[in-house]
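Below, read A as the first sequence line, B as the second, and so on, with proteins coming before strands; counting in each chain starts at 1.
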Number of protein chains: 2
Amino acid sequence: MSDSSTPEAGKDRAFVNGLARGLKVLASFSPDQIRMSLGDLAQATGLPKSTVARLVHTLVKLGYIYVCRETGRYSLHPRVLSLGYPVMASMDKRLVALPMMQELADYSRGTVSLGIRDGLSMILIERSRDRTVRALPLDVGSRIPMESTSMGHAYFAATNPEEQTDILKEFKAHDPARFAEVERTLRAAQKEYDEKGFCTSVGTWEDDVNAVGAAVELSNDVLAAFNCGGPATRITEESLPDLGVRLADLARHFQTADWVGQLPPRPYRGVQTT
Amino acid sequence: MSDSSTPEAGKDRAFVNGLARGLKVLASFSPDQIRMSLGDLAQATGLPKSTVARLVHTLVKLGYIYVCRETGRYSLHPRVLSLGYPVMASMDKRLVALPMMQELADYSRGTVSLGIRDGLSMILIERSRDRTVRALPLDVGSRIPMESTSMGHAYFAATNPEEQTDILKEFKAHDPARFAEVERTLRAAQKEYDEKGFCTSVGTWEDDVNAVGAAVELSNDVLAAFNCGGPATRITEESLPDLGVRLADLARHFQTADWVGQLPPRPYRGVQTT
DNA sequence: AACGTCGTACCGCTATGCGGTACAGTAATT
DNA sequence: AATTACTGTACCGCATAGCGGTACGACGTT
C-alpha cells in the first residue's frame, strides 16, 4: 500500500496506475539523459525494475520508445512529438504573435519568447530573436525555471490563486529549504506585476542577463507568458521599464487581437493514421 | 476477450493495457478535433465510455489533459509538449543542418524540410524557406502523407526491408482498396532512389507542387528525410534533377559532418521537476 | 576470475482496472 | 413545456491484468 510512486495515490478507484507510471517513464527522459537502461529508468521513476520492464516493453511495442541498436539502451522515439502536434496546431494564435514578437526583438536587440508552465518550469513554445544575433540561446521546447525568471514571475503573478497555491505547494515539496525565499520572491513579483503590468529580472536567472515578462491568455484556459531579454550588454537595466511597457502592450494587443481569418487555411492533408 | 482495442493483443503478460489505452486517448486528439467529450473519445478510440472516463480522469490528474472552462470539454494540455522536448534536444544535429537547408532553400527559391516517419505520415521537424516567401505553408510538427510525397518516398526507399514490410502492412490495413496502387508507387520510388539517390514528385501531393526528397540517418537509429520543393511556378519540373542532386549532396554532407563542438553548450538550466 | 549491470523469465497473489448498467444534470431539440 | 440527446458521474461484482519479489544467463569492466 501507500503507493509513493504517484503523487495522487489515495483510494481513487478511477485512477489508472499503469498509465500514470508509463507516462512517468516517458517523462523521466531528459535532454541530459536521452539514453537510459532499465536500471536508470527504475531509479529515475522510483519504480521496481520489473515494473519498469513491463512499461518499457509496452512503450516499445507502441513505438514511443525504441532500443538503440548499438548501445542497446532505450531512447524516446520522435513519434512522441506527434502527441504534441495538435497542441501546437491548436495554438494557431501564437502565429499571430510572431510578427509582434519579431518587431520587439528587433527593437530591443534581444530575444522575445512565449512560454507556458510545466511544473516548476516554463516551457518555451515560440521565440523570436533579434536578426543580428546568430546563436539561438534557447530553443523552442526548452525549459527555464519559474522562480528566477521574469517569464515565470509574470506567469505566477497572473494565474489564479488556486494555481498559485498549487505551485507553492510544489515548491515546498521540491525544495523545502529554499521555500521561504522562493515564496518571498514570488509574492514580490506579484506585487510588481499588479503595479506595473510586467515583471523585471536583473541577473536573477543568469548573471548579466536582464529581462521583463508579461502574461497572456493563449487560448481558452491556457495561460502563457512572454518575456523579452538578453545579455546585459544589449539589454541594459535602464531600458527595462521601457521594454516592460512595450511587452505588456504586446501582450494586451495580442490578447484582444481579432485573429480569425488572418491565418491561411490549415495545410493539414495527411493520411489519418492510427 | 479478443481485445480489438490495441493491435498487439495476444497473450502478452508484459503488455500494460492501461498504458496503451491511455496513450491511445492522447493520440486521438487531432488538429481538427482539439476539444473532445467523453463520448467523442470513446468513439475515436473504440473503447467503452466508462473506460475512457477512467483514463481521462487519470490524464487530467496528471495534467496532460484539462477541462475547458467554458465548453466543459477535454483538451490536450500544452504539457504534452514537454514529453517531446528531450527528443528535439537529442536532435541537436538537426541544427547543423539548418544553414545547409537555408542555403538550398535560397538557391531553389522553395522550401527545404526535414521530417521523420510516424505511421503513414511524415512529421516535419525542421524547415527552411526561401527568404522571399512570406507565408509558411507547412509548420514544424505538421504531417504530410508518405505515399504521395517525395519525402515519404525517399524515406520508404531508404529504410530497411523490415520497416518497409511494416509500412506496407499498415497501408493494407488502412486502405485495402488503394493498396496495390500504393505498393506500386512505393516500389517505383525505391527504384528511382536506388538509381539516382533521390526521389521526385511532380504534382503527386498537390497539383502544381514539385519536389525532390532524400533520406538521412539523423541520430543513431532514427531515419529521416529531406525534401526540397514548392509551387511549380518556382520549382519547375526541369530543375528537379539538379535540385535532386544537390539535396542528395546535402544529405550526404550532413550525414558525414563532424558536428561535435559546433554547437553551443546546452543551455538547460531549469529546475528538475516532477 | 570476480564483480557489476545489462535485460529476460518466472510465478503466486490480490489489488486493480474493467465495463456493464443506471443516474442526475444541462442543452438543444420538438 | 415536454421531449430527446447529450453531457459527466457513480456504483459494483468479477476475473484478470499487472504487480514485484526473486533468480538467471549474458556481457563487459575492473
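In this structure, the nucleotide among C:dG17, D:dG20, C:dC6 sitting nearest to the side chain of A:S37 is C:dC6. Of the candidates D:dC19, C:dT8, D:dT7, D:dC19 carries the atom nearest the B:V16 side chain, counting heavy atoms from C-beta on. Here C:dA9 is the nucleotide among C:dA9, C:dG7, D:dG8 with the atom lying nearest to any side-chain atom of A:S50. Closest to the side chain of B:K49, from the set D:dG8, C:dG7, C:dG20, is D:dG8.
Rounding to whole angstrom units, CE of residue A:M36 and P of C:dT5 are separated by 15 Å. For B:R73 and D:dT7, the CZ to P distance is 7 Å, given to the nearest whole Å. Put simply, CG on B:L41 is 16 Å from P on C:dG19, counting in whole angstrom units.
Contact between the side-chain N/O atoms of B:T51 and the OP1/OP2 oxygens of C:dC18 is not found at any separation under 4.0 Å.
Under the rule for a salt bridge (Lys or Arg N to Asp or Glu O under 4.0 Å), the partners of A:R117 that lie at least two apart in sequence or sit in another chain are A:E163, A:E170. Not counting sequence neighbours, the partners of A:D40 by the salt bridge (Lys or Arg N to Asp or Glu O under 4.0 Å) test are A:R73. Remark: B:H77 engages no residue in a side chain to side chain donor-acceptor pair (under 3.5 Å) (not counting sequence neighbours). In this structure, the side chain to side chain contact (heavy atoms under 4.5 Å, CB included) partners of A:Q33, at least two apart in sequence or on a different chain, are A:S30, A:M36. For A:S75, the side chain to side chain donor-acceptor pair (under 3.5 Å) partners at least two apart in sequence or on another chain are A:R35.
Within 3.5 Å, a donor on the side chain of A:R54 pairs with an acceptor on the base of D:dG20, or the reverse.
For the atom pair CG (A:L114) and CZ (A:F226), the distance works out to 5.0 Å, reported to the nearest 0.5 Å.
Remark on DNA chain C: of its neighbouring residues A:L38 and A:G18, the 5'-side contact belongs to A:L38, judged by nearest-heavy-atom nucleotide.
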remark   = Each base of DNA chain D marked ( ) or [ ] if paired in-strand (Watson-Crick or G-U under 3.5 Å), | if paired to another strand and . if unpaired gives ..||||.|||||||||||||||||||||.|

